[in-house]
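I have placed the structure first, in the form of structure tokens, so that the comments after it can refer back to it.
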Amino acid sequence: MSKWYSRFNTDNAKVRILFLPYAGGSASVYQSWISQLSPGVEAILIQLPGRANRYGEKLIPNMPTLVSQLGESIAEVTDLPYIIFGHSMGSRIGYQLIDFLKKKGHPLPAHFIASGSKAPHQKRHKAGSYLLPEKEFIQEIKRLNATPQEILDNKELLKICINILRADFEVADYQSNIPNVKLNIPFTLLFGLLDEEVSLDDIVEWELHFENNNVILFNGGHFFIDSHQSKVISEINKICNSLERE
């Protein structure tokens, strides 16, 4: 078993889906999704260094380094048709992961689902926030409204959270060049209409990277994957089921 991921629903799997976490998140953010996936879909939850069971490991604040290590690890599970799903930072990692796998000659995903994210070549909203002094950085964490109050109220836990988020925001700040040739991989973008981190104008920017694009809108903010979890998983299952029928 790789330290980079945990596998669920492995028996009789016909399709795999790799879940990449958002900034500050661990593999557990998708734990409740596993039981809601269609039969025959194996869930692979990616665990980045420095959190949960990998807490003692050094954080990786560099996108190319992170992706090269992750890519070598997940290459072993690309033998079945698979999907990559990422939310926010996870979307940006997912795109770089596809680029890494392509360059290494590994099988590419049958579908890429990006959620709540600007396109890979765009500047992230509040880019450079990982460099903020601690007081201002804590205000940025609060603005994002994704950190539980019990962590904000606990100095030790808050320090750990700050270290992880600084590293993750630096990773998320990584920008790609616009490719000369678009990826011929089916692509779906999940977008929250009330998302303050991404705008409607950003949707078309993804078209510079993929030949086949589909956009699904949600009436929610940046974390619509939580507020509209059932609908998000329903859309994921539709894509998985279509692959099983091929």
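For E140 (side chain) and E136 (main-chain N/O), no donor-acceptor pair under 3.5 Å exists by modelled atom type. Remark: side-chain polar atoms of K182 are paired, donor with acceptor, to backbone N or O of E207 under 3.5 angstrom. Side-chain atoms of D173 never come within 3.5 Å of backbone atoms of K126 as a donor-acceptor pair (strictly under, hydrogens ignored). Between the side chain of N213 and the backbone N or O of F210 there is at least one donor-acceptor pair closer than 3.5 Å. Side-chain atoms of W206 come within 3.5 Å of backbone atoms of S117 as a donor-acceptor pair (strictly under, hydrogens ignored). Checking side-chain atoms of S234 against main-chain N and O of S230 turns up no donor-acceptor pair under 3.5 Å.
Scanning both residues, N184 and E211, for their nearest heavy atoms gives OD1-CB, 4.0 Å. The two atoms that bring V171 and I93 nearest to each other are CG1-CG1, 4.1 Å, heavy atoms only. Between Q47 and N53, the shortest heavy-atom contact is NE2-OD1, 2.8 Å. Pairing each heavy atom of N241 with each of S38, the nearest pair is OD1-OG, 3.2 Å. Across all non-hydrogen atoms, the minimal contact from E197 to K118 is O-CE, 3.5 Å. In terms of heavy-atom proximity, C240 sits nearest to I83 at SG-CD1, 3.6 Å.
Under a 4.0 Å N-O distance rule, the pair R92/D168 does not qualify as a salt bridge. Salt bridge present: R16 and E42 bring a charged side-chain N and a carboxylate O closer than 4.0 Å. Between E134 and K159 no salt bridge is recorded (no basic side-chain N to carboxylate O distance below 4.0 Å).
For the pairing with D99, the side chain to side chain donor-acceptor pair (under 3.5 Å) check across K102, Q96, K103 returns one residue only, K103.
Aromatic ring orientation, F112 versus F187: tilted (interplanar angle from 30° to 60°). Aromatic ring pairs are classed by plane angle as parallel below 30°, tilted from 30° to 60° and perpendicular above 60°; the pair H222 and H87 is tilted.
Enclosure of atom NZ in K14 is not indicated, since only 12 or fewer non-hydrogen atoms of other residues, nucleotides or ligands lie within 6.0 angstrom. The local environment of CD in E156 is sparse, with at most 12 non-hydrogen atoms from other residues, nucleotides or ligands closer than 6.0 Å. The 12-atom threshold is not exceeded at CG of N12, counting heavy atoms of other residues, nucleotides or ligands nearer than 6.0 Å.
Counting only N and O atoms by type, the side chains of D202 and S199 include a donor and acceptor under 3.5 Å apart. Between the side chains of H125 and E196, no donor-acceptor pair of N or O atoms lies under 3.5 Å. Between E76 and S2, the side chains place no donor N or O within less than 3.5 Å of an acceptor N or O (distance only, hydrogens not considered).
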Should S129 and R124 be marked as a side-chain hydrogen bond (donor to acceptor under 3.5 Å, both in side chains) after you check the CA-CA gap, both sets of side-chain angles, and the distance that decides it?
CA-CA 10 Å; S129 60; R124 186 179 66 87; 2.9 Å; yes
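Under the rule for a side-chain hydrogen bond (donor to acceptor under 3.5 Å, both in side chains), the partners of T65 that lie at least two apart in sequence or sit in another chain are N62. Under the side-chain hydrogen bond (donor to acceptor under 3.5 Å, both in side chains) criterion, E57 pairs with R54, sequence neighbours left out.
Here the two rings, on F85 and W33, have centers that are under 6.0 Å apart.
For residues 161-184, the pairs satisfying ring-ring contact (aromatic ring centres under 6.0 Å, His included) are F137-F169, with sequence neighbours left out.
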